Structures are given as C-alpha cells and as structure tokens.
**Q** 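Before we start, here is the structure in question, set down as structure tokens.
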Amino acid sequence: MASVTFDKATRLYPGGDKPAVDQLELEIEDGEFLVLVGPSGCGKSTSLRMLAGLEDVNGGAIRIGDRDVTHLPPKDRDIAMVFQNYALYPHMSVADNMGFALKIAGEDKATIRKKVEDAAKMLDLTQYLDRKPKALSGGQRQRVAMGRAIVRKPQVFLMDEPLSNLDAKLRVSTRTQIAALQRDLGITTVYVTHDQVEAMTMGDRVAVLKDGLLQQVDTPRNMYDRPANLFVAGFIGSPAMNLVEVPIADGGVKFGDSVVPVSREALSAAADAGDRTVTVGVRPEHFDIAGSGGLSIVVNVVEELGADGYVYGSTSAAEGSQDLVVRVGGRQVPEKGSTLHVVPRADEIHVFSTSSGARLSR
Ligand SMILES: Nc1ncnc2c1ncn2[C@@H]1O[C@H](COP(=O)(O)OP(=O)(O)OP(=O)(O)O)[C@@H](O)[C@H]1O
Ligand SMILES: [Mg+2]
C-alpha cells in the first residue's frame, strides 16, 4: 500500500494549445479512497492515465509512496486499473480472466487458483468461475473486472467510470459494494466519475476538476458546506445550489424585500474588488417559508417526494426574473401558480465574488 502524489503534474497533448491537466497538485493518503469528479473533458481520465503510465507527463512529477514513477512504464508501477468497458477476454473463463495477470507474471497454477478463488468469494462470483463473460450480467462482468484488479494486490487501484455501463439501480448497489470492498482491502484508490452523487457517496475525499484545473479537494461534507468557488457550488449538490446575483446593501445583501446579513469581511472583500454585487448561494433546504415579505416566488412546478418536496419557481428579484428551487416539507407543498414567500437562513448562505467566483464568506 502507498500514498499517491501528483506534484504539479501537467499533460499537454501534442498539438494542444493548453494543457488537458494543468499543474495538478494532489496528495492521496495511504489507504484513502479519492474520487476525481468534473464535467466531460475536464481532464479526469488524463489524470488517471498519467498515474497509470499510459500518458506522458509533460511537467511536474508523480510519486507512489516515495518512488518517483513519472517516467516508469505501467508494468513497473504496481497499480491495477478498472476501465469503463471492463475489457474482459471473451474467449476465457471468468477464472482465467481474473488470473490472467498472475499467469503472465509467471505465478504457479495452484497459487493463481487460490488467489482467484479468494477474490471470487469476496465478490460473490464463486459459482460463475467456469463461465465465459458473455454468459454474465452487466453487474457480474463488472465484478469480474474488479476481481482481476484485486488478485494482483496492487499498491494502488485506478478506476475510470467503472459503473457507467450499469443501469441506475445496479449502479447504486454496486457503488456501495465497491466502497465497502475498498475499505476491507485498504488499498489506496483513485476513482473517476462525472457523477457528483457517486463522488459524494463513495469518496473519503473528492477532488473537483474543471478545464484541467483543480478547483477544490475536500471531504464530501466540507465540499457541500463550504464550496471554494462558484463552480464547485453549482456542481456539487442535487438539486443544485441557488446562485443569485444581488446588490450589496448596508450590513448585508438585498434579497428581494429583505436585507440578509452577511459578514463584514465578505462585503469588504467584494468592495475591494470594485464589485457592487455579490453572488449569493442558497441550498434548496436553506430557505425558511415566511408569511409575507422576503422573496416572493411564483410556483411553477412542484416535485413531491413524500417526505419532502421541491418547489421550482421564479422570482422577480434584483435584475429580472430568476429561477429558484426551494425544499419544503412533504405536508406543506404549495399549489402550482401560488406565491411563496421565502427568506434564506442567514447562517447558511454562501457569498461569492461575482467577478472572480471565489468564495468570500467564512
Ligand atoms: N489523446 C488525446 N489527444 C488530444 N487531446 C486529448 C486526448 N485525450 C483527451 N484529450 C483532450 O483532453 C481533455 C481532457 O480529456 P479527458 O479524457 O481527460 O477528459 P475526462 O474528464 O475524462 O472527460 P469524460 O468525462 O468525457 O471522460 C479534453 O479536452 C480532450 O479532448
Ligand atoms: Mg474520461
């Protein structure tokens, strides 16, 4: 087992005008489950492939434990990768697929059989060992791909969207299984997904990338409670955080008819940047329903989920109309077309610079 360090690691593809991954700095602890997440094209796979040795590193370094692996070939890095398409050999049985890397490494038959059987037990695949991959379900194939990685007992697991071929329900159960398995094995894991829910539920820590640049790396809790900038604020959380540009008022910000208090530091930071507005972020669950005043929202759509509900409405605040999402109790769902008055909870609002996007509050 080992830690993993990206030390200003940069990948510029030939012919590209800017790096696909730009000076990535990331330290992953021994045994940690780190999730790399971000929109399509942000550089997740490139980062993983640099760590795997499948992509050249054009600047900076990559270390596994205290070994500098920046220019080592993949086979000398002691890692195992699980890909999106599993890449199982169709003509081989499940057992042979799982043991293939060990066979190539020259291990003896009895040892291979033992390791494959142990992994199969862990993955609930014992009864399928003699089948060919085509006679398995998607979820079972996914577990064979995991098994192939596990039998090698590598220092680091790399997984690139390993669940994206599974249907929604299987994805949810499989992500729990993978997280539990990783915890049992204690092998340092870097997991790539574009799905922020997957990232938040699986990772010990989550690293958010955008346009090749690391935006924030934090525990899921901190990422949700204190997003470092507007991008992370909008990306993490579902339904997304409401982000509203509002004028700065005396001691706070003007939110509809009310002034919501905002810390003095946040306001002076905005003023120092020459801004007259800030962008306020409020999660859907952080509005209080008021009898009158506050911000009036015309209810467009109501999503009833039983325990609670989401109200999708529009306001006519500051600069024109603005769409907002508000969570309400399951038994207090307003009617479509009615008007709802809401006030954001002062201690739960996030303040960002409208010009730079940086977090200003707390
Ligand atoms: N072999 C390549 N040659 C040139 N450019 C590439 C190559 N592979 C990827 N890129 C570019 O590098 C950027 C990052 O790609 P990457 O595959 O790392 O994104 P990703 O975050 O994994 O996206 P996705 O979620 O769609 O898989 C993209 O702009 C992509 O077009
Ligand atoms: Mg990718």
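Counting starts at 1 for both ligands and their atoms, in listed order. Basis for what follows: all heavy atoms, side chains included, without hydrogens, waters or symmetry-related copies. For clarity, every value in this text was computed on a predicted model and none was experimentally measured.
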**Q** Does a salt bridge link Arg143 with Asp124, judged by any charged N lying under 4.0 Å from a carboxylate O?
**A** no
**Q** Around atom 27 (O) of ligand 1, find the nearest protein heavy atom and jot down its residue, atom name and distance.
**A** Ser45 OG, 4.0 Å
**Q** Would you say atom 2 (C) of ligand 1 makes contact with the protein, given that contact here means a non-hydrogen protein atom less than 4.0 Å away?
**A** yes
**Q** Does an N or O from Ala20, backbone or side chain, lie closer than 3.5 Å to an N or O of ligand 1?
**A** no
**Q** Which of the numbered atoms in ligand 1 are below 4.0 angstrom from a heavy atom of Thr46?
**A** 14 (C), 15 (O), 16 (P), 18 (O)
**Q** Could you tell me the residue and atom name of the protein heavy atom closest to atom 25 (O) of ligand 1, and the distance to it rounded to 0.1 Å?
**A** Lys44 NZ, 2.8 Å
**Q** Under 2.8 Å from the Mg ion (ligand 2) - does any N, O or S atom of Ser45 fall there?
**A** yes
**Q** Could you tell me whether His194 and ligand 1 have an N or O pair separated by under 3.5 Å?
**A** no
**Q** Should we say atom CG of Asp250 is surrounded by more than 12 heavy atoms from elsewhere, each under 6.0 Å from it?
**A** no
**Q** Are there protein heavy-atom neighbours of atom 31 (O) of ligand 1 below 4.0 Å?
**A** no
**Q** Mind checking whether Cys42 has an N or O less than 3.5 Å away from an N or O of ligand 1?
**A** yes
**Q** Check the hydrophobic clustering (I, L, V, M, F, W, Y; side-chain heavy atoms under 4.5 Å; chains of links allowed) and say if Val244 and Val282 are grouped together.
**A** yes
**Q** Counting only heavy atoms, tell me which of Gly212, Gly15, Ser40, Gly41 gets closest to atom 28 (C) of ligand 1.
**A** Gly41
**Q** List every atom of ligand 1 that sits less than 4.0 Å from any heavy atom of Gly43, numbering the atoms from 1 in the order shown and giving each element.
**A** 14 (C), 18 (O), 19 (O), 20 (P), 21 (O)
**Q** Using a 3.5 Å distance criterion without hydrogens, assess whether the side chain of Arg11 forms a donor-acceptor pair with backbone atoms of Ser47.
**A** no
**Q** To which protein heavy atom is atom 10 (N) of ligand 1 closest, and what is the distance rounded to 0.1 Å?
**A** Tyr13 CE1, 3.3 Å
**Q** Between the side chains of Glu198 and Arg171, is the shortest nitrogen-to-carboxylate-oxygen separation below 4.0 Å, so that they form an ion pair?
**A** yes
**Q** Between the main-chain N or O of Pro133 and the side-chain N or O of Arg141, is there a donor-acceptor pair closer than 3.5 Å?
**A** yes
**Q** If every non-hydrogen atom of Val151 is compared with every non-hydrogen atom of Val116, which pair is closest and at what distance?
**A** CG1-CA, 4.0 Å
**Q** Look at Glu117 together with Lys121 and state whether they make a salt bridge at an N to O cut-off of under 4.0 Å.
**A** no
